[in-house]
**Q** 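Mind having a look at this structure? Questions to follow.
One-based numbering along the sequence shown. What you are looking at is a predicted structure, and each value in this text was computed from that prediction instead of being measured.
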Amino acid sequence: MDSYYAFHLAVAAMVGASVAAVSAYYMHRKTLNQLLEFARERSSAPPRQRRKTGRNRRPAGSASLPDVTRGGGYVDGEEEEEEEEVEEDGEEELRGKGGAFQAVNGGMGIPPGLPRLSVAREGTRPIAHSGSSKRMSHLMRPKSPKSPVASASAYSLEGEGSDDDDENLQDDPKLGDIYTNGNIEAEGKSLLQELPEPITENGDSNTLSKTKNMIRSHSVSGDLHGVQPDPIAADILRKEPEQETFTKVLINPIERVALDEIDVFKTLQKCLELREKYVFREEIAPWEKEVITDPSTPKPNPNPFSYSSEEKTDHYFEMVDGVVHLYESEDRGERLYPVADATTFFTDLHHILRVIAAGNIRTVCHNRLNLLEHKFKFHLMLNADKEFLAQKTAPHRDFYNVRKVDTHVHHSACMNQKHLLRFIKSKLRKEPDEVVIFRDGTYMTLKEVFESLDLTGYDLNVDLLDVHADKSTFHRFDKFNLKYNPCGQSRLREIFLKQDNLIQGRFLAELTKQVFSDLSQSKYQMAEYRISVYGRKQSEWDQLASWIVNNELYSENVVWLIQIPRLYNIYKEMGTATSFQNLLDNIFLPLFEVTINPDSHPHLHLFLKQVVGLDLVDDESKPERRPTKHMPTPSQWTNVFNPAFSYYAYYCYANLHTLNKLRESKGMTTIKFRPHAGEAGDIDHLAATFLLANNISHGINLRKSPVLQYLYYLAQIGLAMSPLSNNSLFLDYHRNPFPMFFQRGLNVSLSTDDPLQIHLTKEPLVEEYSIAASLWKLSACDLCEIARNSVYQSGFSHALKTHWIGRNYYKRGPDGNDIHKTNVPHIRVEFRYSIWRDEMQLVYLGNAKIPKEVDP
């Protein structure tokens, strides 16, 4: 049965194959007859008609492929006779070969619809040779509509064709108008010649040949039907990592300064000169002391708390009227590093106060500040896209991986509330029997403390912890300070947030190490923690330094500032201080002792290596008397009233100035004066810090004084602003002047102030940036510029700043910017620098001496 079916299948297959063969034979024969008939009709037609017919017929192939011809392209009318002779000679040659030509043309013609193997010239356009396939593939590169050069495509494959072929095509005048994929090569060349040559980051011009070679090096897939590369993205990848040129708007009228404005500018000059007389500058800049040759990451200090004995010097010091007088030896002699006395300072301060109250000066400064703001807006309108494109070209960098420094954060509130809650629960679970406090005549364990509060670890939550600022703290600094007490209990603050307690601050040290670990993991976030020295006794410095050293609190991401609370009136009422002089003695005498003889306070000597600044803190909204020229000396200040802010500021500045001069002469680190100022209260605070401070925190009251605001802009004094903190205490977020200050060009940075009370996330600094960016519509370039400002304002070492923001960071203008480090385009830096330079020249009436380096 199986053989029967197999036989039938074989027969059917044979019959089918026979039918297919017969059909193919007749189809082939019919086609061949038509070809021969067409050839015979063509041979019998006159020569002129044949040429005309061939010239007017276009091939029916694809328009995207090159025409294939059998001969070279001639100019119309130049070689017609020669072509006729070639055609006729070819026909006679075929006829002479045994009648082969007649056999081929035997009564059959070529149908008109079939594609031709060759075509003649069309109009006046010459046609390329059929053998130049390599040349065609090289020519067929479509140009991006937004790119001045031809973009890489599926047609321009690397290594295809030769340089000789390219040169021949470019030099041949007959091939100048060849169509390739809908584009004309000659038009592309003209566009390339008309456009300016691109500028590299170093200011060198790239030639057109370099650009073409660079383009050809970007090979892509040869799939003609696949997705073509984005021409804009391709341009970004091809360009150098910076756009040097940008559009500038000349707004300043070319005219002489009015006579009344000349007097105003001379007054502003004197104010700037007064600041230079007071503010501390290092004699030798850090970049001159230490030349960085290796741009790699600085190696961390393997043992930051190892102490080696240092030689004691013969310097002698004594406190005179609240200011330390320093001498070479006990024989005294000439006073070293004298500073202006208090009477001179308060005289100069009153001069500044008179200047900022003058109506004509306020008008000029107000107009200049408005013009600065509008210049920046014009700049964004014209160059925002170029800045964004320049940031795209910077490899690896974006906002998340540029260095950002939290320039103002209090150590006792450096963690967020959830972090503190987890830590308290952990300690209550793991160490419930640890003796932690002495209260009411008895020692209490951690478990007993919570039992006395009728609380368990399970009961605790963020709401019960109640450390977050709310509506009740607005304009209530006293209530804001109470938020430092977890669950409203001062005993819990003493246990977990103090370093001078029964357990010697062990819990706070462990919590601090966890915060350090979070910063190290984020890598690109740094912090300057402010920790308090109250001035109640001189041993506070040794206690604080021992806590730091014994618990090994060190991080490459952290430096310290010492904050001095302005609480003399409380100490006076408590009886711990008899005069203001006691406060100054307790704060500054140990610092001079350890500087002259490090062996006297070894832990303090190690700790001061990490201290970069001195701060003044307290509620600025408290009313105070304006100081006069002849104020009582600190030893005479024995009443219960707290001195004014400027009184604190001067005596802290004067002693710190002398201390820094001494430390610098011995090769030790210096301490900058960076107080809180301008958060609330009188404008006098900002006038005093203009003369004395290197940087300040907050400064939102500058919005009330256009003169001081303009002076802070000209001097480029750093402002560490905390809009979220201000929103909880003194100023609603939408009224905060930060965006206005930023647009006008003031040296501003963002900081967190008190993450425990203000912020909700694990990264409070990024939270501060993100909220500002969302509400004020800050661009990525704006955020990176603010982050760059924070590094400049910080007290980190020269080596770290070199690694973070560039080897030449200390140079002004675009020469000091490295977009590969900061992600800030040169366009923005050049704009800021040129506008500031123009303002300085205006104020100095064209005679300003612009320093090439930033202030150390």
Side-chain angles (χ1 to χ4, degrees), residues 243 246 369-370 372-392 394 397-409 522 524-526 697-700 702-703 709 713 716 718-727 731-753 755 758-761 763-794 805 817 819 821-833 835-836:
Q243 298 260 347
F246 66 99
L369 289 169
N370 281 337
L372 288 172
E373 185 175 350
H374 285 87
K375 281 182 180 180
F376 181 75
K377 292 179 179 178
F378 277 125
H379 170 78
L380 289 187
M381 290 172 62
L382 296 171
N383 299 294
D385 292 340
K386 294 180 182 178
E387 290 179 344
F388 185 50
L389 186 62
Q391 284 189 301
K392 286 184 176 181
R397 293 296 172 194
D398 53 38
F399 164 71
Y400 291 98
N401 54 20
V402 297
R403 263 70 181 192
K404 299 169 284 290
V405 181
D406 195 345
T407 47
H408 170 207
V409 54
S522 67
Y524 297 100
Q525 297 181 44
M526 290 75 192
S697 298
H698 295 297
I700 56 177
L702 284 175
R703 74 190 193 280
Q709 189 181 146
Y713 165 74
Q716 287 293 292
L719 306 177
M721 303 187 70
S722 306
L724 286 177
S725 173
N726 301 146
N727 184 67
L731 189 67
D732 290 336
Y733 202 95
H734 69 278
R735 296 178 55 201
N736 196 286
F738 176 87
M740 179 180 66
F741 290 175
F742 175 73
Q743 291 174 356
R744 292 177 176 180
L746 275 75
N747 182 10
V748 294
S749 65
L750 284 171
S751 57
T752 58
D753 197 356
I758 308 298
H759 299 83
L760 300 174
T761 63
E763 295 184 331
L765 185 59
V766 174
E767 183 180 346
E768 192 84 38
Y769 274 87
S770 64
I771 293 175
S774 299
L775 296 184
W776 291 326
K777 296 180 173 59
L778 301 178
S779 66
C781 181
D782 298 337
L783 296 178
C784 292
E785 182 186 1
I786 296 168
R788 180 175 180 262
N789 290 345
S790 72
V791 178
Y792 275 102
Q793 295 177 15
S794 71
I805 57 177
N817 182 54
I819 189 174
K821 299 282 189 179
T822 64
N823 202 36
V824 180
H826 289 354
I827 297 174
R828 176 64 63 85
V829 180
E830 171 65 24
F831 168 78
R832 294 292 196 190
Y833 174 67
I835 296 299
W836 174 79

**Q** Is any side-chain heavy atom of L746 closer than 4.5 Å to a side-chain heavy atom of Q709?
**A** yes
**Q** First locate atom CD1 of I805, then atom NZ of K821, and finally report the distance between them rounded to the nearest 0.5 Å.
**A**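 One finds 10.5 Å between CD1 of I805 and NZ of K821.
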**Q** Strictly below 4.0 Å, N to O, side chains only: are R828 and D782 in salt-bridge contact?
**A**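 Between D782 and R828 there is a salt bridge, with a charged N closer than 4.0 Å to a carboxylate O.
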**Q** Please tabulate, one pair per line, all N/O donor-acceptor pairs under 3.5 Å involving side-chain atoms of residues 733-743, not counting sequence neighbours.
**A**
| from | atom 1 | to | atom 2 | distance (Å) |
| --- | --- | --- | --- | --- |
| Y733 | OH | A772 | N | 3.4 |
| N736 | OD1 | F738 | N | 3.0 |
| N736 | ND2 | N726 | OD1 | 3.3 |

**Q** State which residue, out of Q793, Q716, R832, fulfils the side-chain hydrogen bond (donor to acceptor under 3.5 Å, both in side chains) condition with N747.
**A**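 Testing each of Q793, Q716, R832 against N747, the sole residue satisfying side-chain hydrogen bond (donor to acceptor under 3.5 Å, both in side chains) is Q793.
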**Q** I'd like to check the ring pair (Phe, Tyr, Trp, His ring centres under 6.0 Å) partners of H759; sequence neighbours left out, ordered by chain and number.
**A**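 For H759 there are no ring pair (Phe, Tyr, Trp, His ring centres under 6.0 Å) partners, ignoring immediate neighbours.
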**Q** Under a 3.5 Å threshold, yes or no: a donor from one side chain and an acceptor from the other, between S722 and S751?
**A**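 Yes, S751 and S722 have a side-chain donor paired with an acceptor closer than 3.5 Å.
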**Q** Do E387 and H379 have side chains that get closer than 4.5 Å, going by heavy atoms?
**A** yes
**Q** Hey, does F378 have a side-chain heavy atom less than 4.5 Å from the side chain of N383?
**A** no
**Q** Are T407 and S749 close enough that a side-chain donor and a side-chain acceptor fall under 3.5 Å?
**A** yes
**Q** Might you confirm whether atom CG of N401 has over 12 heavy atoms from other residues, nucleotides or ligands at distances under 6.0 Å?
**A** yes
**Q** Taking N817 as the fixed residue, which of H826, E830, E785 is the one that meets the side-chain hydrogen bond (donor to acceptor under 3.5 Å, both in side chains) rule?
**A**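 Answer after filtering H826, E830, E785: H826.
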**Q** Regarding T752 and D406, do their side chains bring together a donor and an acceptor under 3.5 Å, going by distance alone?
**A** yes
**Q** With a 4.5 Å limit on heavy-atom distance, are the side chains of Q525 and E763 in contact?
**A** yes
**Q** Can you list everything that forms a side chain to side chain donor-acceptor pair (under 3.5 Å) with N727? Sequence neighbours excluded, please.
**A** none
**Q** Classify the side-chain pair S725/D753 by whether it contains a donor and acceptor separated by less than 3.5 Å.
**A**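 The answer is yes; a qualifying pair exists.
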**Q** Side-chain donor-acceptor pair under 3.5 Å between Q391 and R397, yes or no?
**A** no
